[in-house]
Asker: 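Structure in structure tokens, see below.
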Amino acid sequence: ISAYGRLWAANTTADNVTVYFSDLLAGHVWSTGTSGSLNISQVWPNGSDEITGLAAHNGFLLIFGKRQILIYSGATTPSTMTLTDAVSNIGCIARDSIANTGTDVIFLSNSGIRSFLRTIQEKSAPLRDLSKNVRNDLMTIVAAETLANIKAVYSESNAFYLINFPTAAQVYCFDTKAALQDGSSRVTVWDSITPTAFLARRNGDLFIGKNGYVGKYGTYLDHASTYRLQYFTTYADLGNPNVTSILKRIAVVVIGGSNQGFIIKWGYDFSGQYYSTTLTIPVSTVAEYGTAEYGANGSPVAYYSQGIALQTLVGQTSGSGKTVQTGYETEINGYPVSIQKIEIQAKNGKLV
């Protein structure tokens, strides 16, 4: 990695316990000046380990092992930096899963996607599990992957962390804008995409490398093709697990979309069988004014931004069961679509 005016490298082909740092502002100088090395073989808190990755954060050097993490302070002057904290039983298993968000470091551990949170006031290093709600599925995919092929990136402009699993042909997208109540992140899966690399640029661009070409993330099309949004809830009772619920209607508040179908699905009691109804998002005609500026000759230049319509779609439902799952599908075709609110109206049936 490059940090604090130096290059840092771990020797992972020999002893796996030595970190080297170059001379200050001279990344090609490794044997003179203020260059040096750090052997950590005797400081692992929970038995021997091997280095899998490095990260720099807030003046600290983070050294990731497979099962442990070491935190060195004073990394701006490596000759005097000291071990100030360590995390046992959690490490990083894939080097290229490490991504620095500016305020945090995210990585793949042997128990899921972890967030390394640290503030000046804290005396320990708490870890937040971003993948808590999808951990079983995620780790099943990881078990079939070649760890060296796993790639990840953090996009500051989109505020998401992407991690690619090439064998499964799935990219997990973790929304970092706001944590859920349990501390985990909202997660979506991009399927049928097989990136080989990611790059987030300082100007906000996100590039996705694939065999034969490089793609740029943006617009609301997959190159020139539409793609499908699918969202399904978990199965849950509607307040009383001992009473059959009879669905009457489902109302969905949707932002975006224009003149396209929107499918509502619902099913009962883990059957995997669904009822459905197809609604239509009407043509978006909302207009908003953006910012007015003046040109070089003093004449006003008006900029107009496209408005995004808010719609409430209501579907009449049928059937009954102890537990209910609902799902929502639509084709993304050049317009953003966001589900903001879901209302389910039901009445109680017989006791079971």
Side-chain angles (χ1 to χ4, degrees), residues 1-6 8 10 19 45 51-76 81 83-135 138-139 142 147 150-165 171-189 197-206 217:
I1 63 170
S2 173
Y4 313 127
R6 305 173 187 271
W8 305 74
V19 176
I51 300 172
T52 56
L54 304 172
H57 176 60
N58 200 25
F60 293 90
L61 175 68
L62 310 182
I63 303 176
F64 291 90
K66 288 185 175 181
R67 301 175 304 280
Q68 301 162 81
I69 306 171
L70 304 177
I71 301 102
Y72 278 83
S73 63
T76 54
M81 65 181 179
L83 179 67
T84 57
D85 211 340
V87 179
S88 300
N89 302 318
I90 293 177
C92 175
I93 61 174
R95 183 196 67 184
D96 293 336
S97 70
I98 300 172
N100 197 315
T101 71
T103 58
D104 202 353
V105 177
I106 301 176
F107 60 96
L108 174 64
S109 74
N110 59 6
S111 58
I113 303 297
R114 295 280 181 169
S115 165
F116 190 98
L117 296 175
R118 189 181 184 98
T119 64
I120 296 175
Q121 294 80 13
E122 290 174 333
K123 302 302 181 183
S124 61
L127 293 165
R128 184 159 60 96
D129 186 357
L130 303 185
S131 59
K132 182 186 302 183
N133 297 321
V134 294
R135 184 188 300 145
L138 180 72
M139 297 316 295
V142 171
L147 297 179
I150 294 175
K151 308 295 180 183
V153 70
Y154 174 75
S155 172
E156 182 178 6
S157 60
N158 296 290
F160 58 50
Y161 170 82
L162 301 178
I163 183 165
N164 175 49
F165 302 106
V171 177
Y172 273 63
C173 177
F174 292 84
D175 182 0
T176 64
K177 289 189 288 292
L180 298 175
Q181 292 180 342
D182 61 0
S184 63
S185 293
R186 292 178 177 85
V187 187
T188 52
V189 177
F198 296 111
L199 173 66
R201 300 182 66 200
R202 293 183 185 275
N203 66 357
D205 289 343
L206 175 62
Y217 180 79

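Side-chain atoms are counted along with the backbone in the values below, which use heavy atoms only and exclude waters and symmetry mates.
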Asker: Would you sort out whether I150 and I163 count as a side-chain contact (heavy atoms from CB on, under 4.5 Å), showing the intermediate values?
Answerer: CA-CA 7 Å; I150 294 175; I163 183 165; 3.7 Å; yes
Asker: Just how far is it from atom OG1 of T84 to atom CD1 of I71, taken to the nearest 0.5 Å?
Answerer: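 Answer for the OG1-CD1 pair, T84 versus I71, is 6.5 Å.
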Asker: Are the side chain of W8 and the backbone N or O of A3 linked by a donor-acceptor pair below 3.5 Å?
Answerer: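 Side chain of W8 to backbone of A3, a donor-acceptor pair under 3.5 Å: yes, one is there.
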Asker: Give a yes or no on whether K66 atom NZ has more than 12 heavy-atom contacts from other residues, nucleotides or ligands under 6.0 Å away.
Answerer: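 It does not: K66 NZ has 12 such atoms or fewer within range.
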Asker: Roughly how far, to the nearest 0.5 Å, is the OH atom of Y4 from the CE atom of M81?
Answerer: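 The distance works out to 10.0 Å.
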Asker: State the CD1-CZ distance between I113 and R135, to the nearest 0.5 angstrom.
Answerer: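 Rounded to the nearest 0.5 Å, the CD1-CZ separation comes to 11.0 Å.
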Asker: Quick check: closest heavy atoms across N158 and K177, and the distance to 0.1 Å?
Answerer: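 Taking every non-hydrogen atom into account, O-NZ, 4.0 Å.
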Asker: Just how far is it from atom OG of S115 to atom CZ of F107, taken to the nearest 0.5 Å?
Answerer: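 One gets 8.0 Å once the value is rounded to the nearest 0.5 Å.
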Asker: Rounded to the nearest 0.5 Å, how far does CG of L62 lie from CD1 of I1?
Answerer: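 I1 atom CD1 to L62 atom CG measures 8.0 Å (nearest 0.5 Å).
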Asker: Parallel, tilted or perpendicular for F116 and F64, by the 30°/60° rule?
Answerer: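 Geometry flag for F64 against F116: perpendicular rings.
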Asker: Please assess L147 against D96 for the test side-chain contact (heavy atoms from CB on, under 4.5 Å), listing each intermediate value before the final yes or no.
Answerer: CA-CA 9 Å; L147 297 179; D96 293 336; over 6 Å; no
Asker: For Q68 and N89, work out which heavy atoms get closest and say how close.
Answerer: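 What the structure gives for the nearest pair is CG-N, 4.2 Å.
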Asker: Go through the side-chain N and O atoms of S131 and D129 and say whether any donor and acceptor fall under 3.5 Å apart.
Answerer: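 S131 vs D129: donor-acceptor pair found between side chains.
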Asker: Among L180, L138, D182, exactly one meets side chain to side chain contact (heavy atoms under 4.5 Å, CB included) together with K132. Which residue is that?
Answerer: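 The single option meeting the side chain to side chain contact (heavy atoms under 4.5 Å, CB included) with K132 is D182.
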Asker: Considering all heavy atoms of both residues, which atom of R114 and which atom of I90 are nearest to each other, and what is their separation?
Answerer: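 Result for this residue pair: CZ-CD1, 3.8 Å.
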Asker: Using the side-chain contact (heavy atoms from CB on, under 4.5 Å) rule, take T101 and T176 through it: C-alpha gap first, then chi angles, then the decisive distance, then the call.
Answerer: CA-CA 10 Å; T101 71; T176 64; 5.8 Å; no
Asker: What's the separation between atom CG in D175 and atom CG in L130, rounded to the nearest 0.5 Å?
Answerer: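 The CG atom of D175 sits 10.5 Å away from the CG atom of L130.
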Asker: Looking only at heavy atoms, what is the nearest atom pair of R128 and A179, with distance?
Answerer: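 Taking every non-hydrogen atom into account, NH1-CB, 3.6 Å.
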Asker: Going by the side chain to side chain contact (heavy atoms under 4.5 Å, CB included) test, name the single residue among L162, V187, I106 that passes it with F174.
Answerer: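 Of all the options given, the one that passes is V187.
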Asker: Which heavy-atom pair separates S155 from L206 by the least distance, and what is that distance?
Answerer: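 What the structure gives for the nearest pair is CB-CD2, 4.3 Å.
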Asker: Taking side chain as C-beta onward, heavy atoms only, is L199 less than 4.5 Å from V153?
Answerer: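 SC-SC contact between L199 and V153 ruled out.
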Asker: Within a strict 4.5 Å, meaning less than it, do heavy atoms of the L70 and P45 side chains meet?
Answerer: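 L70 vs P45: side chains touch.
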Asker: Quick one: does N100's side chain have a donor or acceptor within less than 3.5 Å of a partner on H57's backbone?
Answerer: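 It does not hold such a pair.
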Asker: Taking all non-hydrogen atoms of both residues, which atom of S109 and which atom of M139 are closest, and how far apart?
Answerer: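 In terms of heavy atoms, the two residues are closest at O-CE, 3.8 Å.
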